[in-house]
J.: 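Quick one: the structure is below, and I'll ask about it shortly.
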Amino acid sequence: MVKIVHTADWQLGKPFGGFPDEVRAALAEARLDMIDRIADAAMQNGAGHVLVAGDVFDNIEPGDRVLVQALSRMGRTALQWWLMPGNHDHARAGGLWSRVRSKAPGNIHVADAAEAMMLEDGAWLLPAPLGHRRTRDDPTEQFDDMATPAGAVRIGLAHGSITEFGGSSEATNLIPPDRARKSGLDYLALGDWHGHLLVNASTAYSGTPEVDRFGRDEAGSVIVADVLAGGPPRLERIETGRFRWLTRQWELAQADDLARELQAFNASCSPAQTLLDLSLTGSLSLGDRVSVLRRIEDGLAHEVRWLELSSEGLLASPTDDDLANIDVQGTLAVVAERLRAAAAAGGPGGLSARAALERLYVEALRVRDEASA
Amino acid sequence: MKLLSIELANFRKFREPITVTGFKDGLNIVVEPNETGKSTLLEALRAAFFIRHSAKSELVRSFCPFGDDVAPKIAVAFEIDGARWRIEKQFLKAPYAALTGPDGRTGSDAAEDRLQTLLGFEKNNNRGNDPEVRGALGLLWVEQASALSLEAPNRLVRDNIRSALEAEVGMVLGGRRFELVTARIEEAYAAYRTGKSGKATGKLAAAEAALESAAAQREATAATLRAYEQALSHLEDARTAKRLVERDLADPELAERRRQLGEDLKIAETAQLRLSNAAARHGETEAALRSAEQWLQRYDAAFRATVRCAETLAAADGIVSERRAANAAALDAVAEKRAIVARVRARKIEAEAALDRARAILLRRERSSALQRARAQLVEVHRIEALVAEREEAAQLAIGEDALATLAMLDRKATEARILFAAGAVGVDIALLGDVAMQIDGEGASAGRRDLVRPTEILLHNVARIVVTPPSVGGLSAEANLRSADEALTAALKALDVRTYAAARSRAERALAAAQEIASLKRQVETLCPGELVLKLAPGSAALKALLGDLTDASDDVADDAGIDVAALDATLQAVREEESVALAHLESAQLAAHEQEKSLVQFQAERAGAAREAEASNQSLLAMQAEADRDATEQARKDASEELARRAEALEQARQATTGFDAERIRKSIANIDHEQVRGREERLELAARIASLETSIAGDGPKGPATMASEAAEREQAAITRLARLVEEADALQLLRKTLREVGDETSRTFLGPVTRRAARYVERILPGSTPMFNEEMNLTRIARGGTVEASSDLSRGTQEQLAVLTRLAFADLLLEKGVPVSLILDDPLVYSDDARFEAMTDILVEAAARMQVILFTCRAKAFRHVSGHRIALGARD
């Protein structure tokens, strides 16, 4: 029996170029920190090996800063790290993996050749590294040819989609779901799918240990596996993620709905470690919409690590009060009425008219407030 | 509002304090000449109200009298709605403001603020030159310069007018908020786009620039990544190539082949060496054999030559002795023939002498007979010559042909004259029958015939006298003719010594015959003298005569030697001559033969000498060869060499056979090829190693920078920039729409208020431009005038009209402001300068009317022009 940590899709060096600098720095740091957390998880669970099933790096040529940080963090542990190239960091002569090799301390093994590697006595690793970003071939086909001593534990390590959920025939790096059985594997540790997924009793995706994009609400995790020769492995999911990438859609029928949603949201997570992709829908009065947005922008946006707000879905239906707030009569009232009509007419100009009306509302209130002040 | 007094000190030209007082309700006219400070007064009024006391602008500094460093000071007393106020300001040095009113005195900024509220204007900018915030007084206190132009009332005035009209047009403006919102929107929009051209500026421009730079960055990093990846793929290619080269270099098959070739080369070289040795030895023997054979050939040839030379010499000796004998015989034959010739010659001389003697005799005989013939000939010649002499006489009487012809002609003429005479004459034949003397015409006459042509008396003495008279008259001329003809004939005949023509003729004929005869005789003489060869006598009688004249006649001693036979003698001589020529011919041929013999002998003797030399030489040569070697020994050596050669040829053939399996040259070439290949391979390996090292260095340098991360980061940043720009554009578009809508609605509203404004202005305009309507734009600026169906721009009107309209629109606005309860005061600085008299009057009437509603102050230098205007007159001279 051998106890391992199965992980994948570290995507180290992911640039997060669309984020402000402070968010980028935090996200990048979290990706490196996860190595320490994985090491902790391994130590705590008594696993001596960490198997990374591809996409250790986000791209084929990350900078030395990231590379050295990662290697030195791994090097400081008493664990054996087995790194395999995936599609993002596929192996090629003279590239990234040569650098890794040249800088890696002794406890880091690069599994960039389709050759069985001995993890320890009686336990063998069968890697299926990718030499290209995409290949139509099944990268695990070579497992059949990898002989291991009789009775030894055989652990396959591969990166790609399982044919079943890859869907279309256009998918690449396709792996058959029964590969473990076919190639006499005791466990097939997969990477590429960023979520935790058990394919069958002896095949699983560990998911990424630190989520790197929206669309996956659960925290990043690894699998701690006890692998036995001939028997199904015992798998345990251990959360390692720091940041949660949450996607929310709030339907607001009145201004008060926001408070309820905020309360629920705050209770569900730790906002400081949350990136939120928030879509607002519903229909509010102009005043309510403005106050909702203001509250989100002035409050929630600062509470969470990052807020990606989409408020186009939150329609403003200017009420008489709204219009009266702009001006009951006079020129401004005429302007407001004209913009309201244009917004109601819709079309490409409608969106601008909506925004213009909102802006008019805001400015009119501000002028009024200043006058009364 | 009513101005009461103005006090100035240290203000522009008013260095000394001055107070102008006495302003009252209604029309006030300040009449002063130019340059007395009317405009300065107006400037001071503006400063007192609109310029903050703390201001230090250029304008404020200009208040100070030129060259002085003092504090300009102004104090204005005025009244609003019956309450009296006094504003007092000092500028630049210890500046202050003080406003004293019914509710006490305020100072500094509070005074300024109070003043603003009181008079309805706003705080000006630092330079104090923004007309928009000056309110009603800004519009109504008209400086000289701006009075000329039709300008829009400022914003505060517009707002006031509009609010004054709100009830009238049934519309609430909310004007202030509208202005504020508009201003804010303009301000916000200005952060995105420029107001005029809509060009991106501020954050929109920054976002555009950011996007551009992000795109450039993305392209640059992508290029770097591409270059890096290319380097990687080149590296892989180079490594593959190097592996291949190394595999080729380390190829064991090639090494084995190289070794085998080396061994083959050794074998080939040994065989080659053997072959060349065998060839050398074969050549050596072959040369020895050839040398022996050649010596033998030469020896035999020399031997044969010696024998042949000896034979030739012997033969030559034989021939020479033979020839010598023959030569002697030939000489003998010549001597013999010569003797014969001598004998025949002696006989020939003898025969010739006999013949000569005989011939001499015969010649003498011939001469003698020839002389005889010559003598005979001479006799005959003499005879003929005698005959010739005879004929000579007759021949000398020859008459020439011409003379004879002349004579014939004369004779014919005489005959013809006679015939003519006869026809006229009387022929009288007188025959005297006895001896009777007869006279004719007194002259003795003889008988005979007479032809008488004139009466002629024939007197026969004592016998008869006979007169004969010819019948015709012509007889006389005929007779004359006849006489002259006869005389001519006679003369001719006489010259020829003949009597008649006939006689002449006959004599001529005879002479001719004689001449012919003489010629014939002479020819005969020549024929008689043919000449004689023997006598050396030439033909002709002269030679004959000469010869015979010399010779003595009797010397003919001709002997009788009848027995002489010349022919026999000649025949003998001929025979001897023939004999001689035969003998000579024999001698000649004998001599020729002897000569030939001699020549032949000489030739054979020479030949013999040559043969002797040759024999000597060949003997010498043979002797030399014999001294060189022994022929038999040499012959033996040749035989030995021949046998040795056969053996060596066999050895050579064997050696040659041994080399055929291994072509050293080909083997060397193969080795060289392999070696060259190896060298090339090693060079290539070095080149590749260098290339790999260089690529590795470049990769090692670039890889750690993370080109792929940089590229994807740049791409993400570009995407973010695009998103941000799109959001800003949306915001800008919303603002633009809002701005546009605000402006549209604002303009529409303005137009709503224009009707009442126009109506009020029209009342005044009608007074100076009857039938015309003023037209205002949204800013309440009088821009056009409609007159008689046409519209013209106000800027096209005359200056005077423009000025009048400017004053009138101000009056209209002032009326509106009055309605609103705004403090109003109209001050005009030197107005209506360009007005004609009618207009001037109309304008002053209007001003006087207006003065009933508000205080009007006119500054003018034209005392006379305004003399007719009733109003309160004020002089600047009223100083303290």
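Below, chain A is the first sequence line, B the second, and so on; all start at residue 1. From a predicted model like this one, the values you see are computed outputs, not experimental measurements.
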J.: Less than 4.5 Å to any heavy atom of chain A: does that hold for the side chain of Arg239(B), its backbone, both, or neither?
T.: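 Side chain of Arg239(B) only, per the 4.5 Å heavy-atom cut-off to chain A.
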J.: Check each atom of Leu12(A) against the heavy atoms of chain B and say whether the ones under 4.5 Å are side chain, backbone, both or neither.
T.: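 Looking at Leu12(A), nothing touches chain B.
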J.: Are Ile60(A) and Glu229(B) side-chain neighbours, meaning at least one heavy-atom pair lies under 4.5 Å?
T.: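 Yes. Closest side-chain heavy atoms under 4.5 Å.
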J.: Taking side chain as everything from C-beta outward and backbone as N, CA, C, O, which of these in Ala353(A) sits under 4.5 Å from a heavy atom of chain B? Side chain, backbone, both or neither.
T.: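 For Ala353(A), the contact with chain B is made by backbone and side chain together.
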J.: Count the heavy-atom pairs under 4.5 Å between each of Arg24(A), Arg368(A), Lys14(A) and chain B, then report the option with the highest count.
T.: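 So the answer, after comparing Arg24(A), Arg368(A), Lys14(A), is Arg24(A).
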J.: Among residues 181-215 of chain B, which ones touch chain A with a heavy-atom distance under 4.5 Å?
T.: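 Interface residues of residues 181-215 of chain B: Val181(B), Arg184(B), Ile185(B), Ala188(B).
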J.: For Asp320(A), I'd like to know if atom CG has over 12 heavy atoms of other residues, nucleotides or ligands within 6.0 Å.
T.: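 No.
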J.: Name the region of Arg359(A), side chain, backbone, both or neither, that has any atom closer than 4.5 Å to a heavy atom of chain B.
T.: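 Looking at Arg359(A), backbone and side chain both touch chain B.
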J.: Looking only at heavy atoms, which of residues 684-711 of chain B get nearer than 4.5 Å to chain A?
T.: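 The list, in residue order, reads Ile699(B), Gly703(B), Pro704(B), Lys705(B), Gly706(B), Pro707(B), Ala708(B), Thr709(B).
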J.: Just so I understand: if I count every heavy-atom pair under 4.5 Å between each of Arg99(A), Glu363(A), Glu358(A) and chain B, which residue has the most?
T.: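 Heavy-atom pairs under 4.5 Å are most numerous for Arg99(A).
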J.: Quick check on the structure: residues of residues 728-741 of chain B within a heavy-atom distance below 4.5 Å of chain A, by number.
T.: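 The stretch touches chain A at Asp733(B), Ala734(B), Leu735(B), Leu737(B), Leu738(B), Thr741(B).
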J.: Tabulate, in ascending numerical order, the residues of residues 61-70 of chain A having at least one heavy atom closer than 4.5 Å to a heavy atom of chain B, or enter 'none'.
T.: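 From residues 61-70 of chain A, the residues near chain B are Glu61(A), Pro62(A), Gly63(A), Asp64(A).
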J.: Can you give me the closest heavy-atom contact between Glu716(B) and Pro15(A), atom names plus distance?
T.: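 Scanning both residues completely, I find the closest heavy atoms to be OE1-CG, 3.6 Å.
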